[in-house]
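Data first, discussion second: the structure below is written as structure tokens.
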Amino acid sequence: MDLKYVGKNIKRFDAVKKATGKALFLDDIKLPGMLHAAILRPEFAHAKILSIDTAEAEACEGVVKVVTGKGCDFRYGDNIRDLVPMAVDKVRYIGEPVAAVIAETRQQARVAVKKIKVQYEPLPVYVDALAALEKGAALIHENSGDYWHLPGLGPKPGTNIANLYQLKKGDIDQGFKEAEVTVEGEFVYPFGSCAALEPHGAIVWFHEDKTIEVWSSSICPFIIREEIARVYKLPESDVRVHIPELGGCFGYKSDITVEQTIAWIASFVPGRPVKWVATRKEDFTSTLLGHGIRIRMKVGAKRDGKLTALRTTVYHSTGAYSDTGVHVSIAAGHNSAGTYEFPHIHQESYLVYTNTPPIGAFRGYGHQEGQFAVERLMDILARKLKMSPFDLRARNYLRPGTTSSLGERIYVSNGDVAKCAEVVKKAVFQGEKPREDDQYWYGRGFAALTKTPKGAPHSSKGCYLKFNGDGSVSINCGGAEVGQGLRNVVRQIAAETLKIPPERIRVYTEIDTQFSPWEWQTIGSMFTLQGGAAVVKACQRAIAMLKKTAAQVLRVEEDVLDYDGEHVFLKNDPEVKIEVHRLTRGYMYENGMTAGEVVQTTSDVRLPRYSGPDVNGQGTMGVSYTFGAQGCEIRIDKATGQVIIDHFASAFDVGRVINPEQIRGQIAGGVMMGVGATLYEEVKFDKDGKCLNPHYSKYRFPTIKDAPRRQTIECLETPESIGPYGARGIGEHPVIGVAPAILNAIQDAIGVEFYELPVTPEKIKAALAAKGSGKAGK
Amino acid sequence: MAEAITFKINGETKTVAIEGHEKLIEILREKLDLTGTKCGCDDASCGACTVVVNGEAKKSCVFPHAKLNGAEVTTIEGMTGKDGGLHPIQQAMIDGGAVQCGYCIPGIVMELHALYSRNLEAGEAEITEALSRHFCRCTGYEAIMKSALLAQEYLKKGRKKAKKGK
Ligand code: FES
Ligand code: FES
């Protein structure tokens, strides 16, 4: 395929506004009469609220209203409806909203909120799923059996289990009977924060005409609209949600997070907009965290390396509310099989209520947690079998004709993991690694990976396209630009399909539910594939309309016409032609009469046959697989225990590169995020559920000094069958293989097996000391 | 008690009334409508709020108003020419592919502005040191380093041209 705009480094059009400081983010928005909110958080992570005294706060300067959860009689959520906008009679985590002050200025609200007095009766606190699962544990949700939930999901009343997902493939007992060797381990992926540079925030305005207007730093305006309309009993069309520029997302700005709380607060001052922006501390403790996943895994294989069985149990500490965590634990379950065909699988994911902030999406969404375990075990198994880890993996890769854990058949069009592995092997494992010296141990590690979308059956992405009078084009989609560059992807795909230069195509700069096409939410690395396919469809429809009008004017059949971006012309006589701009509003004859329609089209694309899980937890839930491989060369400082990444290599079969510079940026950034999770980052809680490090300085956010010294990034292009020009997603993939690749390299360097993240210098030093220091390395 | 402070902001002298608690970032964003300066944290860690005060890169989120009287402050808004033309550092951020979400970019531009104004010959180690005061969650820093070097190149070329012009 000869492509003119797809595959080219076309500069993103939003870069100028961002580089000049003129891009509007949530906190940059000022509205007439705008008030500011500050929110009170509890002193205990689990407690009954006995009383709230707001008198002193009400008397403070500038205070307009003090709000509590009293009288709130609804719950929200679109998976398991267990969320409340503000604590009513008890608090379940340390960041929960207890009360709020609305004042004329942010400063006044923050001063006054400290004057609210609350009396609590503390209850037992559980930070880890295993503790909350113990017999006799206090219930975090006493009435969880009453909560609405999607079919197939739901809490087990009388326990702290919010959901149990089970997956069965084949016969697990048979699988382990056939096994000649087994390996097992318990792996921990601790709490993390997506920690986007821009914190969460929202503005909500209850208008006098009973409509509600919302601005939010979110990637799912339509879910916000639907949920707010539902609880305030309005038609969805009466709630309007705007999404300005977003300063990063990485998962935790998906689902509905802070918006219902700000709506609840704003509902007390109808007629005036109320703004709230999280402090960094609140962004850690009062939005969504990631991971919190413990996995017990056992793998069985024949002596020749053929895998026979996989047993996985996921214990997911999902925090105080489960609505946003439930699909993470399901994804962690079925993705724990990684890129391998296991004939027999038994897998259980326990989603457990605990007293931490709720867990939600984190770039990777269950994939990195599950595959961290299986990729570590593949290396451990290879050593046990005395096989090369590459050969062991290659023996078992998902390839055309095999079936995934979900029971989906793999086709050529799903991409080629073996080829990705070859690329990484060549980049990292050629020649000998450096020999241990006075200062460092050296190691190399590898991991293969896969990413499937985690969507919903109705998940759809749409496109509105409008040809303007001069032949330029305006395009509107519902996909949230979080920095990943999807709007530029839209522009390049449209330019290619419409055969017009990208400069003649203007893509939306904000999402507004009043004007944007419906999109479920921009998650799961699905926009390029689904949104891109919708753009192609809308463009093709527009071209068809142009031809239809031209056929009428030229008095020929449509199928003898062709289109080249500037003209619609007769195939057999290109001199018979009409300029596109004369067709876009319908054709006008010299006498002023017109023919044909205005060229504006709509389209939407969903995943074909995507389904919910069946009785065995299987189903069509992958649809579009992406494969990749990652590897690294590291150095460990003997004096400090610090891991230095000299070289990190990634190869992904992306189907089609739309923009090489952007895809490299996505991958380099994702790898860095993975490095952070592997070596530094953990949101810590004490036994009382208090967060110990809810600040950037204490969370150990990776800086330029932590970046891999060199990155090799290669993209393979085995075309996807439904993606635009064969493209599939890449957003989340780069984080998935990082932890196992680095931990496998650490093992290679010092012979220590790590099972828990993050592997900090202190942990390395402690492990070496335990091992009998100085003797490490091989 | 309201007091007033007078300082130079992006070349213009301004007097603002303050209540007393404000840091520079609030004066910029809330009183002067200069919202290009971003806030990313609450403990002076991320660098998103960096501006240039008297030639030095400063975190405006902790810069007290008391030190502002008579000072000369440049923000991201002051980098763009009166004709709307981009500053070479801004252009380099775009050309080097450093802009993803863009939230960290104004701070980084200001940091580099301070650095290169002081020492256009800064080596990679010095540039890395300056950039290590800035968090970016999107890029993995690869494109940011590339853009920083590109900015240096653009500025050097500009200086040469200016010299020739004389
Ligand atoms: S906002 Fe000033 S350093 Fe983060
Ligand atoms: S570009 Fe998003 S934080 Fe740097």
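Here is how names work: the chains are called A, B, and so on, in the same order as the sequence lines, proteins then strands, and each is numbered from 1.
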Is a side-chain N or O of B:Arg29 found less than 3.5 angstrom from the main chain of A:Asp27, in a donor-acceptor match?
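Yes: the side chain of B:Arg29 pairs with the backbone of A:Asp27.
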Check whether [X] gets within reach of chain B through its side chain, its backbone, both or neither, counting any heavy atom under 4.5 Å.
X: A:Lys30; value: side chain
X: A:Val16; value: both
X: A:Gln662; value: neither
X: A:Lys22; value: side chain
X: A:Ala195; value: both
X: A:Cys249; value: neither
X: A:Leu197; value: both
X: A:Val482; value: backbone

Using a strict threshold of under 4.0 Å (side-chain N to carboxylate O), is an ion pair present between A:Lys705 and B:Glu129?
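A:Lys705 and B:Glu129: salt-bridged.
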Before accepting this row, confirm whether a basic side-chain N of the pair B:Lys38/A:Glu245 lies closer than 4.0 Å to the acidic partner's carboxylate O.
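No.
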Sort out for me which of B:Gly36, B:Ala48, B:Gly40 touches chain A most, counting heavy-atom pairs under 4.5 Å.
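Maximum pair count with chain A is reached by B:Gly40.
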Heavy atoms only, distances under 4.5 angstrom: which of B:Val109, B:Asp95, B:Ile144 has the most pairs with chain A? Name it, please.
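Most pairs with chain A among the choices: B:Asp95.
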Going by the angle between their ring planes, with limits at 30° and 60°, are B:Phe135 and A:Phe701 parallel, tilted or perpendicular?
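It falls in the parallel class, under 30°.
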Select one option (side chain, backbone, both, neither) describing which atoms of [X] are under 4.5 Å from chain A's heavy atoms.
X: B:His87; answer: neither
X: B:Thr80; answer: side chain
X: B:Leu86; answer: side chain
X: B:Glu142; answer: side chain

To the nearest 0.5 Å, how far apart are CD1 in A:Ile29 and OG1 in B:Thr35?
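Spacing of CD1 (A:Ile29) from OG1 (B:Thr35) equals 10.0 Å.
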What are the two closest heavy atoms between [X] and [Y], and how far apart are they?
X: B:Ser45; Y: A:Tyr696; result: CB-CB, 3.7 Å
X: A:His695; Y: B:Asp42; result: ND1-OD1, 2.8 Å
X: A:Pro702; Y: B:Arg137; result: CD-NH1, 3.8 Å
X: B:Cys101; Y: A:Gly248; result: CB-N, 3.3 Å

